Each structure stands twice: as C-alpha cells, then as structure tokens.
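What follows is a set of notes on a single structure, which appears directly below.
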Amino acid sequence: MGTVLRGLAVSLLLAVFLLGTLYASGVSSDGDEKQVYIVYMGHQHEPSALDRIVYSINGFAARLTEQERQKLSTMEGVVSVFPSRTYQLQTTRSWDFLGLPRNARRSLPTEGEVIVGMLDTGVWPDSPSFSDDGLGPPPGRWKGACHNFTCNNKIIGARAYQQGRAGLSPVDTAGHGSHTASTVAGRVVEGVGLAGVAAGSARGGVPGARLAIYKICWDDFCASEDMLAAFDDAIADGVDLISFSIGGKLPVPYFEDAAAIGSFHAMRRGVLTSASAGNSALTGGRVCKVAPWMLSVAASSTDRRLVAKLVLGNGKTIVGASVNIFPKLEKAPLALPVNGGKILLCPGGSNGTGPLQARAAGTVIVNDEPDIAFVFPLPALTIAQDQFTEILAYVNRTRNPVGSIHSTKATFDSEAPTVASFSSTGPNLISPGILKAMNVCPLKPLQPDLAAPGIDILAAWTPLTPVSGNHKDNRFAAYNIISGTSIACPHATGAAAYVKSFHPDWSPAMIMSALITTATPMDPARNPGGGELVYGAGQLNPARARDPGLVYDAREDDYVRMLCAEGYNSTQLRAVTGANAAACPAGDERGAAADLNYPTMAHHAAPGKNFTVRFPRAVTNVGAPGRSVYTARIVGSGPLIRVAVAPRRLAFSRLLQKLSFTVTVSGALPVGNEFVSAAVVWSDGVRQVRSPIIVHTVDVPKSNTLPD
C-alpha cells in the first residue's frame with residue numbers, strides 16, 4: 001500500500017495495513033506520485049508497558065498514492081484518511097490591560113498544581129522567565145518525561161517530534177515557543193525590554209503554574225502527525241490545559257483536522273485546548289479553529305502602541321509602525337531603487353531582507369497591517385499607501401530628497417482594544433449555518449470565541465535566533481516583541497489556567513463558558529467588518545472569569561449528539577469515541593446542532609427570508625452556595641430581529657444546580673452580507689452572565705472555500 005512512516009507517538013497504538021507492496025520512494029511502481037497521509041482510526045486504550053492507561057489517538061502516517069488512499073478510506077475501522085498538512089505558527093503590559101495585575105487575587109497552592117502543555121517550537125530553559133526559584137516538586141500525578149533536556153520545577157516535561165526521528169532536543173531555536181510559554185506562565189522578571197522599548201516587568205498569567213513542552217514546529221513549519229503525537233503524549237502525561245498557537249490559512253473538515261482530533265481526545269480527558277484563530281486577516285470565513293470543544297482566540301490591541309517616525313527633509317513627519325531599536329538614521333537620501341547607503345522606498349511588502357541585501361541604510365515599506373510593529377534587520381518603518389504617495393510626491397519635486405528614521409517610541413492608544421488587522425474572522429467557512437453534510441467541521445456558534453492581546457507583546461526569547469528572525473541580523477536579546485493570534489492564544493490559555501487554579505474540578509466547557517460569558521464587550525464602531533464575527537464575545541477578562549456565577553457545561557455525550565445532528569453516523573462516532581454507546585438516534589430525534597449547550601448563539605439566515613430559530617440552553621450555578629435568583633434581559637436586538645427568553649427568571653436553591661431555558665430568535669435580514677447582534681444577559685444583581693447572539697447573511701466568496 002505504501003511506506004509506513006511512523007506511529008503518531010510512542011504511546012500511540014500502531015496500525016499497519018499491507019494492501020500491496022511497500023515502497024520506500026515517493027513514487028509507486030506504476031508512476032503514481034505518493035504523499036504522506038494520516039490514517040485516523042478514532043479512539044483506543046489499553047494498559048501500556050509502563051502500567052499507565054494510554055488514551056490514544058489511534059492511527060498512523062503512511063506514504064500512499066491517491067488510489068491507495070481511496071481504498072484504505074473505505075475499510076472498516078478507518079474514520080478518515082487525510083494529507084499530512086504543514087501548519088504555521090500564528091504569531092508586559094498585556095496582563096495589566098486585561099485587569100489581571102501583579103497583585104491580583106490568586107490561589108497559590110492550586111496554581112502550582114496546574115500543568116500547561118505547550119505545543120510549539122520548544123523553550124529556552126535558561127530564560128529567567130522559567131526559573132523554578134521557590135517552586136516545590138511537580139504534582140504527584142505528573143507522568144511526563146524530559147527527553148534530551150534538563151527540566152526543573154517550572155519546566156517539568158519536554159519532548160520533541162519530527163516525523164519519528166529520535167534524539168531531538170526540545171530547546172527553542174526559533175523564539176516563538178519561549179515567547180508563548182512565558183506569556184502563559186512566565187515568572188515575574190523585573191527590568192526587561194527590547195533595547196529600552198516596552199520596558200518594565202515581564203510575567204505570565206499564572207507565574208506559579210508548571211509547563212510541559214512539546215516541540216512540534218521546526219523553522220516555522222509543523223506537521224500533522226507530530227501534532228497528533230504531541231496531543232497524545234500530553235494527554236497521557238497529565239497536563240490540565242493545552243496551548244496550541246498553530247494554524248493554517250483555512251479550516252479543514254473535522255475528521256481531517258489534527259487540531260480538532262487532538263483537542264477532542266483532550267476534552268474527553270478533561271483537558272481544555274486553547275488555540276489561535278488564525279492570521280488570515282479580516283476576510284470572512286478564515287477562522288481555522290471551529291471545533292466547539294476548542295477555545296478559538298482572536299488577536300486584539302492593548303493601550304500601548306509602538307510607533308516609528310520618518311521625518312522628511314521638508315520637516316514633514318510620517319508616523320508609521322516598527323520596533324526600530326537602531327540609532328536614529330539621520331538625513332539619508334530617499335531612493336527607489338537604491339544602490340546602497342540610502343533609504344529604500346518599498347511600494348510592496350517586505351521583511352527587510354531585500355533592502356538589507358541591497359545594502360540600504362534603511363527602508364520605508366508599504367504594509368496593509370498598519371497596527372503591527374515588526375522588527376526589521378535594518379532601520380525601518382511600515383506605512384499606509386496614502387502616506388507612501390505623500391513621500392513620493394516629496395521625492396519627485398525635490399532635487400535631493402532626504403529623510404531621518406527615528407527610533408521606536410511607545411504611545412498610549414485610547415482606541416484599544418481593537419481587533420488586529422491580521423486576525424482571522426468568522427463565519428464558519430465550512431458550515432456557515434446548520435450543517436447537513438457529513439465529514440465537515442462541527443458548527444461553532446461564534447468564531448472566534450473571544451479576543452485577547454496579540455499585538456506588540458513583549459515576552460521571553462531565545463538567544464539562538466536574531467530578534468528580527470533574519471539570520472543576517474546580528475542582534476540577539478533575552479526578550480522580544482512580536483504579534484499574532486499565536487500571541488493572543490497564550491493569554492487565553494493563561495486566563496484558563498487562572499480559572500482552573502480556583503476551580504480544579506471544572507470541565508473544559510465550564511472554563512470556556514466562564515471566559516466567554518465574562519468577556520468585556522467590544523465596540524463594533526471601532527471594529528468594523530462583522531461585530532462578533534470579528535472579536536467573538538469580546539475582550540478576555542480573567543478576573544471576572546474567576547467568578548462567573550453561571551456556566552454552560554457540555555460533556556462528550558453532548559458533542560456526540562451535536563455531531564449526530566450534523567449527519568455523522570454511529571459507525572464513525574463509535575470509532576472516534578471508542579464507545580459502543582455512541583449511537584445516533586433516527587430521524588427528527590437527532591435534534592439540531594444549535595441544541596449544543598454553548599454560551600453563544602449564531603444563525604445564518606437567507607437574505608429577505610423570515611426565520612425562527614430556538615436555542616435550548618442549561619446553566620449551572622457556580623456562584624452563591626445558597627438561594628440565588630437570576631433574571632434575563634435582552635441587549636441590543638434592534639428592529640430586524642426579535643429575541644425572547646423563557647423563562648426569564650431562574651431561581652437556584654443550591655450550588656451546582658442546573659436549570660434550563662430557551663432563547664427564540666426570529667425576524668428577517670433584508671440583504672446579504674449583513675449581521676445583527678444581540679445578547680442575553682443573566683444577572684443576580686452582582687454577576688453578569690452574557691451570551692452573545694448573532695444573526696448574519698454573510699456569504700464567503702467562492703475563492704475562499706475549500707476544494708471539493
């Protein structure tokens with residue numbers, strides 16, 4: 001059939017099917033080209049040689065022709081056969097901005113019991129952010145290991161994966177993994193910055209939590225089989241949360257998505273996965289994490305903005321963005337093109353490599369992400385097209401045009417938070433409404449779930465790569481400033497770990513609910529393009545999430561029922577869950593995907609058509625231990641839709657009591673590509689439990705859809 005490359009993990013149960021001759025090359029005997037596929041066979045568990053229960057993601061990777069793939073996909077026990085995809089990394093003031101200051105209330109004993117698994121580029125262990133001073137030994141339940149790495153009481157596990165190769169080091173050579181890990185759980189480090197820019201104290205959201213490192217990305221590329229292997233090990237090792245700052249350009253069908261598969265198996269063991277929504281910009285339908293058991297995070301700004309200035313010879317100042325830590329470049333000639341020693345004007349995007357190779361003294365680059373300050377290997381700043389036109393006008397009418405590039409300064413941004421220009425948005429590309437086809441992604445009521453800081457974030461770095469990432473750059477630093485939804489993701493992971501430290505027994509869905517329903521609503525006027533489809537429930541608010549009052553809980557059976565409603569059959573779901581009881585009801589008893597007990601509600605309506613949709617929900621009292629009464633109010637429905645809640649009063653008599661209600665939304669949106677937002681807010685007079693609702697007629701352009 002093909003060459004079996006490797007099992008997905010040491011603990012993974014290897015299944016090898018020999019349907020023909022094994023070929024070591026990438027081409028079969030009849031000339032058909034082979035490629036690496038993941039053969040996913042659902043769930044299986046059995047005692048390992050180490051006498052621990054391994055809850056495995058059952059499958060293997062193999063090199064197959066298209067004909068072999070098709071034949072294997074029809075075999076009994078095979079859930080899906082999909083290509084091994086290459087994913088990309090989705091790349092401190094932020095915690096203060098989120099309302100979680102250094103002196104925030106903490107549960108220190110239980111914070112030290114929280115273990116966060118980081119699936120990324122590894123970690124630089126010698127960073128002060130990962131000191132174990134004052135930390136006791138790892139939790140007794142920890143079963144992880146440190147391979148080719150010296151752990152301590154902060155970093156308690158470390159593994160590396162690359163297509164089955166042995167002897168790899170989990171040490172971070174890229175910087176990204178160190179940055180995300182320190183954002184989640186870095187210790188407090190005083191007096192850090194990047195050459196004086198963004199100076200202050202660096203710390204993570206849960207400085208007392210433990211870290212387990214799973215290096216799956218090499219040179220910015222991450223393979224599906226390595227992701228699944230790391231998920232499998234992390235679950236068996238005993239992590240409490242997984243941070244996954246990795247994604248593709250577009251979502252893929254659920255049973256072909258390593259992140260959705262891995263996070264489903266994690267959810268079954270009580271482990272929440274926090275993931276970056278994607279960096280495909282504000283183009284509808286690009287959120288690449290749509291599984292409802294996974295927290296999907298958009299990137300937003302903080303109130304600190306990093307700006308750089310170009311002062312023209314005529315005294316005009318052009319304000320742009322960059323992390324320019326070079327000395328001021330004084331009155332250098334402006335040129336296009338350049339022969340060295342001048343400031344190169346770049347009308348198209350550049351990472352600075354071209355100007356550096358051209359021996360430019362500096363560069364000014366047109367960029368469609370004006371809110372992001374990049375680190376370049378030479379004095380530089382990015383500007384908008386209209387600013388570039390203004391510079392060209394000066395150059396064309398001046399005999400000897402010159403300019404001075406100033407070093408970066410931090411300024412106050414009164415508009416924050418706003419969603420980053422690169423942050424991927426909803427609606428669900430594969431299923432913008434209720435799903436009716438099989439082998440598609442589960443419906444996620446809103447994508448992304450919420451927003452967190454992901455612009456110009458300072459955190460730990462590795463000395464093994466330059467601050468700009470350009471290997472001709474000779475500047476290295478212990479802390480660096482980068483941006484991305486991959487930087488927003490660890491903020492959400494840290495907040496989830498913070499909530500977990502107060503509520504160790506909460507399910508992943510309960511923690512997600514706490515984060516989503518307590519998020520601070522964002523201003524749609526400052527975030528055009530789709531309201532909640534852009535920023536989800538709003539800006540992360542960790543302090544409020546600690547005490548949400550009510551939570552929407554969902555367990556494995558709830559997700560299975562949702563998948564049944566979307567058309568998955570009992571055979572598929574039994575393979576995924578490993579449970580014979582995973583049988584789908586027949587006919588109308590399947591229900592609807594909207595029945596999933598999720599803290600947000602969404603409906604994709606047909607333009608000009610009347611609709612009525614009902615969302616049955618249940619909330620669990622996690623607030624007052626005695627009697628408490630919550631009353632519902634509707635916020636912001638507008639003239640196009642009507643929202644009703646029945647009942648509008650919930651009276652709880654004890655802690656963990658669960659009560660049900662139904663939200664009915666009706667109306668009509670007259671045109672396409674329109675959205676209307678509302679929210680149901682439950683309050684006991686102290687706590688506000690907010691569940692966003694969005695109705696939209698947003699159509700994703702055909703060029704954005706996945707191939708057949």
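Remember, predicted model here, so these are calculated numbers, not experimental data.
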- If you measure from CD1 on I242 to CD1 on I235, what distance do you get to the nearest 0.5 Å? 5.5 Å
- Query: Judged by modelled atom types alone, do S691 and Y598 share a side-chain donor-acceptor pair under 3.5 Å?
  - Reply: no
- Task: Would you please classify the geometry between the W506 ring and the H503 ring as parallel, tilted or perpendicular, with 30° and 60° separating the classes?
- Result: parallel
- W293 vs Y559 aromatic rings, parallel, tilted or perpendicular, using cut-offs 30° and 60°? perpendicular
- Message: A side-chain contact here means heavy atoms from C-beta on lying under 4.5 Å apart; do V622 and L550 qualify?
- Response: no
- Just how far is it from atom CZ of F244 to atom CE of M118, taken to the nearest 0.5 Å? 11.5 Å
- Answer with yes or no whether the side chains of S80 and E256 bring together a donor and an acceptor at under 3.5 Å. no
- Query: Does the side chain of S507 come under 3.5 Å of the side chain of D553 through a donor N or O and an acceptor N or O?
  - Reply: yes
- Query: Of S274, S94, S300, S243, which meets side-chain hydrogen bond (donor to acceptor under 3.5 Å, both in side chains) against H491?
  - Reply: S94
- Query: Do the numbers put R617 on top of the ring of F661, so that NZ or CZ is under 6.0 Å from the six-membered ring centre and no more than 45° off the axis?
  - Reply: no
- Query: Between the side chains of T697 and E674, does any donor sit under 3.5 Å from an acceptor?
  - Reply: no
- Query: Roughly how far, to the nearest 0.5 Å, is CD1 of I694 from CE of M601?
  - Reply: 12.5 Å
- Item | Check against side chain to side chain contact (heavy atoms under 4.5 Å, CB included), V663 and I693 | CA-CA 10 Å; V663 178; I693 301 167; 4.0 Å; yes
Acceptor/donor pairs from residues 635-659 side chains to any protein atom, 3.5 angstrom cut, sequence neighbours excluded:
| from | atom 1 | to | atom 2 | distance (Å) |
| --- | --- | --- | --- | --- |
| R642 | NE | S666 | OG | 3.4 |
| R642 | NH2 | S666 | OG | 3.3 |
| R648 | NH2 | A632 | O | 3.3 |
| S653 | OG | Q657 | OE1 | 3.1 |
| Q657 | OE1 | S653 | N | 2.7 |
| Q657 | OE1 | R654 | N | 3.4 |

- Message: Measuring from atom CG of L540 to atom CD1 of I516, what distance do you get when rounded to the nearest 0.5 angstrom?
- Response: 10.5 Å
- Task: Under the salt bridge (charged side-chain N to carboxylate O under 4.0 Å, His left out) rule, what do R555 and D558 come out as? Steps first, then yes or no, please.
- Result: CA-CA 5 Å; R555 305 296 172 113; D558 299 296; over 6 Å; no
- Item | Derivation and outcome, side chain to side chain contact (heavy atoms under 4.5 Å, CB included), residues L295 and T273 | CA-CA 6 Å; L295 185 67; T273 300; over 6 Å; no
- Item | Stepwise side chain to side chain contact (heavy atoms under 4.5 Å, CB included) test for V499 and L515 | CA-CA 9 Å; V499 173; L515 297 175; 4.2 Å; yes
- Are the side chain of D449 and the backbone N or O of S296 linked by a donor-acceptor pair below 3.5 Å? yes
- Query: So, F611 versus H603, ring centres under 6.0 angstrom or not?
  - Reply: yes
- Indicate whether any N or O donor in one side chain lies under 3.5 Å from an N or O acceptor in the other, for S245 and T180. no
- Message: Ignoring hydrogens, what is the shortest heavy-atom contact between A497 and V116? Give both atom names and the distance.
- Response: CB-CG2, 4.2 Å
- Task: Flag the pair R141 and D240 as a salt bridge only when some basic side-chain nitrogen lies within less than 4.0 angstrom of an acidic carboxylate oxygen.
- Result: yes
- Could you check R574 against N569 for side chain to side chain contact (heavy atoms under 4.5 Å, CB included), going step by step and ending with a plain yes or no? CA-CA 9 Å; R574 277 195 293 267; N569 61 48; over 6 Å; no
- Item | Pair D257-Y40, side-chain donor/acceptor within less than 3.5 Å | no
- Salt bridge present between R561 and D595 (N-O < 4.0 angstrom): no
- Item | Modelled atom types, side-chain donor and acceptor of Y214 and D237, under 3.5 Å | yes
